[in-house]
Amino acid sequence: MNDLPRRTFLRSSVAVGGVAGLMGSAALLNQPSVGLPNQVIGGRPSLTHGVQSGDVGTTTATVWARSDRPARLMVEVARDDRFRNPVRLRGPRTTFGTDLTGRIGLRGLPPGRDLSYRIWADDPDGGRPGRPVVGRLRTAPARKDDVRFLWSGDIAGQGWGIDPAYGGYRIADAMAARDADFFLCSGDTVYADGPLTEKVALPDGRTWTNLVTVEKSKVAESLHEFRGQYKYNLMADNWRRFLAQTPQVNQWDDHEVTNNWYPGEILDDARYTEKSVDVLARRAKQAFHEYVPINPRQSDADGRIYRVIHHGPSLDVFVLDMRTYKDPNTANGETRSDGGVLGRKQTRWLLDELRRSKATWKVIAADLPLGLVVPDGTTAQEGLAQGDPGLPLGRERDIAEVLTGLQRLGIRNHVWLTADVHYTAAHHYSPDRAAYQRFDPFWEFVSGPLNAGAFGPNALDGTFGPEAVYVEAPPKANTSPAEGFQFFGEVQIDGRTEELTVQLRGIDGGVRHQTTLTPARR
């Protein structure tokens, strides 16, 4: 890297408590001994669940860690993994109010660079500091350059948790090998409604043996139990290593709270003592913000999740929240809007941000597929479509407004990415095949799951003219990760031509399908 003046290299903004301060160069600390979560090293304060980074921009990033006791988080950032001439930052004090988690906002980073960071816990009473844990991040380019990112979702669902004999979260190794700029998690980051049992029989006579914690042995209801869902995922060594080397962009869907939830719902489920979904959702959202490295500057008093991530001149990622504003799961045939999935405020925000975007490609990260029918029971609909191939009804009206707005604004280079349905697919939407025709053709790509039961495929609704160009789904419902059918997607943007290539990849990292798109020029 070029030698930048230290005063312009890095500034910090503390995300949770404390006062930020930029200190001078410090002597190298011992290299980390990551160990297992919850390990205490020699009586010193320690980090319990590794380190993470997220919402990385051209000059900004958010880093995260959790300590084993109240402590002061400290971070050093350097241009190489030997930490020569690091910049040291004083982070927040961790408290039981945030379950000992803390986020540190970094500013003034050099664009388009690989950076190493390490976080440790300082004893607030003057004792010996804990050992640091190292992570890596790559800032977005300031000029046109190659971009590579991954996306998927659906982590540890349908009874399939961490089995060390099957590689922990097996697909994490293939994802780590791609050396991506960032990972877009398209929801179902945890399965708070999916208790685990220790033994699960596999079809070939083998046994899947889950690691099971107290919090994962029942549905999550208390804040403590929701926090336990995130701690559980970080018990998988290879998943923790992947997150330490790959920045994240996170959104949520339903299983962070409970299956197919919507605001105002009262549960009819004997597993729950707390029946109000609104109460559960408040606790779940607090745990979500405590345990994923979302930039708090993008949030608001309600813990807003929808936001835009600017990743250089070639890419903007528009992260949607199709859960917080979702209307009840009816037959989804309403002819007048009653809330839909985006809500009025988020819809206006999305169209305004799309209009302001100067990036060549607009990736819209949706936590629900647009044209797949996803039932909720026998008569209600969980998804956006309902199987009626006519003009938009129910939640389809929200999507029609956005698609027509994109056409009106002259935005052609938009690609939709999603997960949710636990298989992988490439869908092309065209007004030539559609009942509703006031939009330009576009692509939607589906990926997942990461370590959950595989399902599908789902039926397509003809309202927006989708065609399933590629589909790979398991032969039976709830196929285990041991049998494959786990998927992630990869997006590459060529820095010279700005062609965008989408690859659908399997559990071994192999390419199952590829589509290359050439950007339209105004």
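The analysis underlying the following values was restricted to heavy atoms, covering all of them including side chains, and did not include hydrogens, waters or symmetry mates.
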### Query
With no hydrogens and no angle check, is any side-chain donor or acceptor of Asn238 less than 3.5 Å from a backbone partner on Gly167?
yes
### Message
When you measure from the side chain of Thr418 to the backbone of Ser186, do you find a donor-acceptor pair of N or O atoms at a distance under 3.5 Å?
### Response
no
### Message
With side chain to side chain contact (heavy atoms under 4.5 Å, CB included) as the criterion, how do Leu384 and Met322 come out once you've worked through the C-alpha distance, each side chain's angles and the decisive distance to 0.1 Å?
### Response
CA-CA 10 Å; Leu384 310 185; Met322 293 177 155; 4.1 Å; yes
### Query
Considering only heavy atoms from C-beta outward, does the side chain of Gln381 approach that of Asp376 to under 4.5 Å?
no
### Message
Assess the residue pair Arg128 and Asp123 against the criterion (side chain to side chain contact (heavy atoms under 4.5 Å, CB included)); give the C-alpha distance rounded to whole Å, side-chain angles, the decisive distance to 0.1 Å, and a yes or no.
### Response
CA-CA 6 Å; Arg128 290 192 302 168; Asp123 188 333; over 6 Å; no
### Task
Examine distances only and state if a side-chain atom of Asp122 and a backbone atom of Arg72 form a donor-acceptor pair shorter than 3.5 Å.
no
### Task
Find the distance between CZ (Arg227) and CD (Gln286) and round it off to the nearest 0.5 Å.
5.5 Å
### Glu215 side chain to Gly228 backbone, donor-acceptor under 3.5 Å
no
### Query
Going by atom types only, do Thr48 and Arg66 share a side-chain donor-acceptor pair under 3.5 Å?
yes
### Message
If we ignore hydrogens and angles and just use 3.5 Å, is the side chain of Thr139 paired with the main-chain N or O of Gly112 as donor and acceptor?
### Response
yes
### Task
Starting from the C-alpha separation in whole Å, work towards a yes-or-no answer on side-chain hydrogen bond (donor to acceptor under 3.5 Å, both in side chains) for Trp252 and Asn250.
CA-CA 7 Å; Trp252 77 343; Asn250 285 280; over 6 Å; no
### Query
Has the side chain of Asp163 got a donor or acceptor atom that lies under 3.5 Å from a matching backbone atom of Trp208?
no
### Message
Given the ring of Tyr306, does Arg304 sit roughly above its face, with NZ or CZ under 6.0 Å from the centre of the six-membered ring and within 45° of the axis?
### Response
yes
#### Entry: Leu106 and its side-chain contact (heavy atoms from CB on, under 4.5 Å) partner, picked from Thr62, Asn295, Leu89, Thr60
Leu89
### Message
Strictly distance-based, threshold 3.5 Å: is any side-chain N or O of Arg323 a donor or acceptor partner for the main-chain N or O of Val257?
### Response
no
### Carboxylate-amine/guanidinium contact Arg148 Asp181, below 4.0 Å
no
#### Entry: Parallel, tilted or perpendicular: ring planes of Tyr230 versus Tyr291, cut at 30 and 60 degrees
parallel
### Task
Mind telling me whether Phe242 and Trp239 have parallel, tilted or perpendicular rings, with 30° and 60° as the class edges?
tilted
### Query
Any sub-3.5 Å donor-acceptor pair from Gln229's side-chain atoms to Glu225's backbone N or O?
yes
### Task
Determine the interplanar angle of the Phe149 and Phe182 rings, folded into 0 to 90°, and report it as parallel if under 30°, tilted if 30 to 60°, perpendicular if over 60°.
parallel
### Query
How about Tyr169 and Asn233: does a side-chain donor come under 3.5 Å of a side-chain acceptor?
yes
### Task
Would you mind reporting whether Leu100 and Asp68 have side-chain heavy atoms less than 4.5 Å apart?
no
### Task
Kindly assign one of parallel, tilted or perpendicular to the pair His422 and Tyr191, based on the angle between their ring planes and the thresholds 30° and 60°.
perpendicular
### Message
Do Phe488 and Arg178 have side chains that approach each other closer than 4.5 Å (heavy atoms only, starting at C-beta)?
### Response
yes
### Task
Look only at the side chain of Asn210 and the backbone of Thr197, and say whether a donor-acceptor pair between them is shorter than 3.5 Å.
yes
### Message
Whether Lys326 and Glu382 form a salt bridge (side-chain N of Lys/Arg under 4.0 Å from carboxylate O of Asp/Glu) is what I want to check.
### Response
yes
### Ion pair Arg82/Asp80, N-O distance below 4.0 Å
no
### Task
Take Glu274 and Ser276 through the test side chain to side chain contact (heavy atoms under 4.5 Å, CB included) and record every step on the way to the result.
CA-CA 6 Å; Glu274 177 56 71; Ser276 169; 3.3 Å; yes
### Residues Arg136, Asp179: salt bridge by 4.0 Å N-O rule
yes
### N/O donor-acceptor pair under 3.5 Å between Asp99 side chain and Thr101 backbone
no
### Query
How far apart are the C-alpha atoms of Tyr262 and Val277, what are their side-chain angles, what is the distance that settles it, and do they pass the side chain to side chain contact (heavy atoms under 4.5 Å, CB included) test?
CA-CA 7 Å; Tyr262 51 85; Val277 166; over 6 Å; no
### Query
Does a side-chain heavy-atom distance below 4.5 Å link Cys185 with Gln248?
no
